[in-house]
Amino acid sequence: MLTVNKGGYNFPKRGDEYWKFTKPDQFVEISEQACQTQLHDNIKAKSPAKATALYNLDGMDKIKFVLQPNELLFDQSDRRISSTLEAGFKNLYQGKSSWIDAIAGVIESRIQKPIPRPFAKYCIDHSQTGLCLWAKGKIADPIILSYGEGFAGSEHLVHNIIRVSSGAKLTLVEIGNPWSGVNMVNEVHVEPKGEFNHIRIAVGNTEAQSLIHQYARVDEAASLKSFSLFGNSTLTRNEHIIELPEDDANAHVSGVFVGSGNVSQDDTVFIRHEGLNGTSRQVFRKVLNNGATGVFQGKIHVNPGSQKTDGYQKSQALLLDEKSQFLVKPELEIYADDVSCSHGSTCGSIDTNSLYYLRSRGISKDEAISMLSLGFLKEVLDEIESEEIVETLEELLTDMVNNAI
Amino acid sequence: MLKIENLHAILEEEDKPILKGVNLKVKPGEVHAIMGPNGSGKSTLSYIISGRDGYEVPEGSITYNDEDILELEPEERAAMGVFLAFQYPVEIPGVGNMTFLRTAFNALKKARGEEEISASDFLKLVRTKAKELNISPDLLKRPVNYGFSGGEKKRNEILQMAVLEPSLCVLDETDSGLDIDAMKQVSEGVNALRDPDRAIIVITHYQRLLNHIQPDIVHVMVDGSIVQSGGAELALDIENNGYLNILSNLN
């Protein structure tokens, strides 16, 4: 049941190059239904009292938000007016804040050419749920954004808006994928010398079908690092669309997927260098078992004149059975003549020598495969700065790998 | 303890016979050396003992402590006490050496129905063994053999042997790629493991290693079978005269 072109959104069709490996029509229904569900929810909306104001959440080891379809929850006892952090529920901000208006729909529209991304536009136009976050200084504690159980069982649109001011630093950890269907957009503006560290932990719901976009603009000498961990859910398309319009900007995008069975996970990354001396990294690894599908489409685009760009892209998969597949489209599009860009993609099974070595020491075949898979994935965690978060992720990954084998 | 009778083995990939009737008996406490020219099947014998895939055994048997082990998985043989020190220890990026050692140690304990050891007790145990073998604690923190020098890799094999305490140690050309000092260190590690209940098989090209690890019995392997056995003096004879004498006697 396709709903193409409805409401002026020219949703992609099967066979579109940008959707070479994942069928886009699977997401059309989710987006449409999500909109309807959300409007319906709004009619019977509870009082959004918990999210009526802007809150200052300084002074905690972790600053935790829980996002629900109609509200943003957090520990109210910790709320203080702050000069370094502003946060609120998207629906209550709309049309009332100039900083949000400067980002919402703007970051996304700057990068709609040459490839339009109508799902993201649809989400931005219709979503009323989301977190608005503005870091005005260096925030030491990570912000945890947890997707609450209130979303379970229906489809949703979520639009988060994130601003990191000049010289500010923000670590955002998004946790959970409790929905059966979601179309989601993060729009991020990292201003000069700002630092945005982002971690997405999307595990826990095997039924989830997620369409996720992160649009980011990274200004002069600013940095964005985004890592995502995807668990074994039915269908995921995770897009990063990042532009580096000024000099000395830095973007690292990385991710890990552990899939087993009839599941498909697609990472699609587009990084556009427009300034001088930009650095970008794309590092993705997947472990696929029992017929799982992994997709990676990555592009480093270097504009004419963006000299001294240093771009690197690597996608790798470990296939644990003959039915699993890894589909990749690594691309470089370079219009400057003094750059260093590379890409590599590998796909293979467990190394038999390593397996024999571990087994000869008494480790069972399954445990040895788990260890080797985990070892393969763990190298990507080097992309994450916080050691505390890495430790947590290692534990999570161990469970995920053991479950998949 | 170990009884190998008329063992034949074919490398499946190339359908090539490698072992052509090996006979060998090893008793607890003995140190055997297996010498032989390149391509004589020494390493293959070590692989077949430890259970590597890729070989077919059309004839013959291997029994260990009176049990036929040919059908057993490598981990099952390890649980029985079989240990192969690899000629080329495998580099495994992403897997910490300490995690690997502890997993192996506990897997063996579990297979033998013994209680597993806690992480902190294990750390103490490994540190003690590493110190005895003059192994830098740094090696324990790094991924398994990853970026190790030749000497470090071989010492890491001996450390595993010391920690896992197997009853049969097969050392496949442990001397290859080692300088004199490293060979001495590795040999000291092996000698420390000599025990009335433990058998050791040393596979080597050269007599040099046998100056450090004194064998009780020396075997010469040629073209897939053991053609001559004797005492330590046989190794010296080979060192002085090469394999040519033995080969010409055969002809």
Side-chain angles (χ1 to χ4, degrees), chain A residues 227 229 254-258 283-287 314 316-318 320 344 346 348-384 387 390-391 393-402 405, chain B residues 13 46-55 72-97 99-112 114 143-146 153 156-157 159-161 163-166 168-170 172:
Chain A
F227 169 87
L229 171 63
S254 57
V256 159
F257 172 61
V258 182
V283 181
F284 287 83
R285 288 193 179 181
K286 302 172 201 277
V287 168
K314 199 161 192 181
Q316 294 172 288
L318 196 53
L320 300 185
T346 65
S349 54
I350 289 270
D351 176 56
T352 51
N353 281 333
S354 303
L355 190 60
Y356 167 57
Y357 189 68
L358 295 180
R359 294 179 74 190
S360 77
R361 299 302 183 245
I363 299 169
S364 72
K365 188 178 178 186
D366 280 355
E367 190 160 9
I369 292 173
S370 282
M371 284 177 85
L372 294 171
S373 302
L374 194 62
F376 170 74
L377 295 174
K378 261 164 63 176
E379 288 192 308
V380 184
L381 301 183
D382 292 345
E383 296 289 319
I384 300 171
E387 281 182 21
V390 168
E391 279 175 25
L393 288 175
E394 279 185 4
E395 281 178 35
L396 198 54
L397 259 182
T398 307
D399 277 354
M400 288 164 69
V401 167
N402 288 339
I405 290 165
Chain B
E13 209 171 65
S46 73
Y47 294 151
I48 307 274
I49 293 172
S50 69
R52 188 181 192 131
D53 281 345
Y55 297 93
L72 299 181
E73 300 291 350
E75 58 269 32
E76 292 172 318
R77 300 182 197 202
M80 291 179 71
V82 175
F83 182 96
L84 169 64
F86 282 50
Q87 183 180 1
Y88 304 108
V90 183
E91 295 194 6
I92 309 180
V95 176
N97 208 14
T99 309
F100 158 62
L101 273 170
R102 195 175 70 241
T103 309
F105 186 87
N106 280 332
L108 292 176
K109 286 267 175 202
K110 201 175 155 190
R112 293 167 189 163
E114 295 166 22
V144 181
N145 296 324
Y146 189 65
K153 281 180 182 170
N156 199 32
E157 294 291 289
L159 174 65
Q160 291 166 42
M161 221 160 83
V163 170
L164 302 178
E165 298 187 322
L168 172 67
C169 307
V170 182
D172 185 11

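Quick note on labels: first sequence line is chain A, next is B, and so on, each numbered from 1. Worth saying up front: this structure is predicted, and the values here are computed from it rather than measured.
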Looking only at non-hydrogen atoms, find the nearest pair between [X] and [Y] and report the distance.
X        : Y        : answer
B:Glu75  : A:Arg359 : OE1-NE, 2.7 Å
A:Ser354 : B:Val90  : OG-CG1, 3.5 Å
A:Ser360 : B:Ala78  : O-CB, 3.4 Å
B:Ala107 : A:Gly362 : CB-O, 3.3 Å
B:Phe100 : A:Met371 : CA-CE, 3.8 Å

Heavy-atom proximity to chain A below 4.5 Å, by part of [X]:
X        : value
B:Val144 : side chain
B:Leu164 : side chain
B:Pro89  : both

Residues B:Asp53, A:Leu355; criterion side chain to side chain contact (heavy atoms under 4.5 Å, CB included); working and verdict: CA-CA 10 Å; B:Asp53 281 345; A:Leu355 190 60; over 6 Å; no
Heavy atoms from other residues, nucleotides or ligands near NZ of A:Lys314 exceed 12 (cutoff 6.0 Å): no
Would you say B:Glu114 has more than 12 foreign heavy atoms packed within less than 6.0 Å of its CD? yes
Have A:Asn353 and B:Tyr88 got a donor and an acceptor in their side chains that come within less than 3.5 Å? no
Determine the option with the most heavy-atom pairs under 4.5 angstrom with chain A, choosing from B:Gln160, B:Arg77, B:Glu91. B:Gln160
Nearest 0.5 Å, please: how far is CD1 in B:Ile92 from CZ in A:Phe376? 14.5 Å
Rounded to the nearest 0.5 Å, how far apart are OG1 of B:Thr103 and CZ of A:Arg361? 13.5 Å
